[in-house]
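This report concerns only the one structure given below.
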Amino acid sequence: MGSETPLPKWASTPCIMGIDEAGRGPVLGPMVYGCLYCARSYQKTLATLNFADSKTLKEEKREELFENLKADESIGWSVDVIDPRELSAKMLKKNKVNLNEISHDSAIGLINRVLNMGVLLTEVYLDTVGDADKYRIKLSERFPSIKFVVAKKADSLYPVVSGASIVAKVTRDRALREWVLEETSENMHRSFGSGYPGDPETKAWLAHHKHSIFGFPTLVRFSWGTCTSYYKDMVEVLWESDKVDEDVGYGSSQKQLKLSNVGFGKVAKRKIEEIESSGKGRCKFFHSRKLEQLTHF
């Protein structure tokens, strides 16, 4: 059932929520935050549904459990799919937003979304991002009527977080499978491996798909340190609008390196702005976090 479905009766009773992420570390693809919520009275039943930390499960099992929870009318779930371009843009802009802050904002956004639907949230369980006590205090100050439990390995301790872990992981896996490589360069392929920086197949894919002017395809989080080693082979550009230091003449061999030079060129940057304003995204299955945020009962 979709988000337009009327709230079930259990949603007006005290409810618990678990929140977890998938794709925090990879250099490729989106980071996904997922949540799962249910009536507090459903906790014991939830513990019998064989949810576990998604990292400990094979893909087939995760898919099976995801389909099971989707069919369970006593469970609600929602996701926030954060595009790799948004991650990089926030982490490299003048007033930088680090990955922990992005993660906090995503979790807070999910809580707000479910509360605004009318669900009576009384307890929320999360895996810690940064210092657990500081994170808990931050959340408690924002939502004083909710009890927060922030713990390391929460996805293996609390079934409601294990379920959220499965929602996030399956969503990210499907997003990657359905990802459309918009770039039209010859010899592009989808054999990018796991997307993690240490994966030899991912490294080979990055090396093969870098562009000396426009950087990397939009699938890549170009702010990741993994990409830094490729910058030396890219063209440095001095835009007309850039302010040149007085001691650097126009014809000097010295050049200024700008963010847009190594991640995207002018054309690509303009296209990103058009995409953000139109709400169109890069993925068939999950179009854009601005366009489509899935929320289900």
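We use all heavy atoms of the structure for the numbers below, so side chains are in, but hydrogens, waters and symmetry mates are not.
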Inset, instruction - Report yes or no: do Leu7 and Leu121 belong to one cluster of Ile/Leu/Val/Met/Phe/Trp/Tyr joined by side chain heavy-atom distances under 4.5 Å? - result: yes

Legend entry - Validation row: Ile82, Pro30 side chains within 4.5 angstrom (heavy atoms): no

Could you pull out every donor-acceptor pair under 3.5 Å between side chains of residues 145-157 and any protein atom, sequence neighbours left out?
from	atom 1	to	atom 2	distance (Å)
Asp155	OD2	Lys55	NZ	3.2
Ser156	OG	Lys153	O	2.8

Legend entry - Pair Arg174 + Glu67, salt bridge at N-O below 4.0 Å: yes

Inset, instruction - Mind checking the CG-OG spacing from Leu36 to Ser162? Nearest 0.5 Å is all I need. - result: 9.5 Å

Legend entry - Salt bridge present between Lys58 and Glu63 (N-O < 4.0 angstrom): no

Inset, instruction - Apply the test side-chain contact (heavy atoms from CB on, under 4.5 Å) to residues Val161 and Leu126: give CA-CA distance (whole Å), side-chain angles for both, the deciding distance (0.1 Å), then the verdict. - result: CA-CA 7 Å; Val161 184; Leu126 310 91; over 6 Å; no

Legend entry - Salt-bridge present (Asp173, Arg177; N to O < 4.0 Å): no

Inset, instruction - Check whether any side-chain heavy atom of Leu219 lies under 4.5 Å from a side-chain heavy atom of Phe192, and answer yes or no. - result: yes

Legend entry - Pairwise side-chain contact, His189 with Trp205, heavy-atom cut-off 4.5 Å (strictly under): yes

Inset, instruction - State which residues pass side-chain contact (heavy atoms from CB on, under 4.5 Å) with Leu57; sequence neighbours excluded, sorted by chain then number. - result: Ala52, Lys61, Arg62, Leu65, Ile166

Legend entry - Set of side-chain contact (heavy atoms from CB on, under 4.5 Å) partners for Thr48, sequence neighbours left out: Thr45

Legend entry - Gap separating the CG atom of Asn68 from the CG atom of Leu49, nearest 0.5 angstrom: 8.0 Å

Inset, instruction - Report yes or no: do Tyr42 and Leu120 belong to one cluster of Ile/Leu/Val/Met/Phe/Trp/Tyr joined by side chain heavy-atom distances under 4.5 Å? - result: no

Inset, instruction - Give, for atom CD of Glu73 and atom SG of Cys38, the distance between the pair rounded to the nearest 0.5 Å. - result: 14.5 Å

Legend entry - With Ile108 via side-chain contact (heavy atoms from CB on, under 4.5 Å) - residues at least two apart: Asn112, Lys138, Leu139, Arg142, Phe143

Legend entry - Atom pair OG/CD of Ser106 and Glu21 - distance to nearest 0.5 Å: 9.5 Å

Inset, instruction - For the pair Ser88 (side chain) and Arg85 (backbone), establish whether a donor and an acceptor sit closer than 3.5 Å, ignoring hydrogens and angles. - result: no

Legend entry - ring pair (Phe, Tyr, Trp, His ring centres under 6.0 Å) contacts touching residues 112-140 (sequence neighbours left out): His104-Tyr135, Tyr125-Tyr158

Legend entry - Ser223 OG to Asn98 CG distance, which is reported to the nearest 0.5 Å: 11.5 Å

Inset, instruction - For Ser194, enumerate each residue passing the side-chain contact (heavy atoms from CB on, under 4.5 Å) test, keeping only those at least two apart in sequence or located in another chain. - result: Tyr196, Asp199, Thr202

Legend entry - Distance, nearest 0.5 Å, that separates OG of Ser78 from OH of Tyr33: 14.0 Å

Legend entry - Any side-chain donor near an acceptor of the partner, Thr13 and Arg40, under 3.5 Å: no

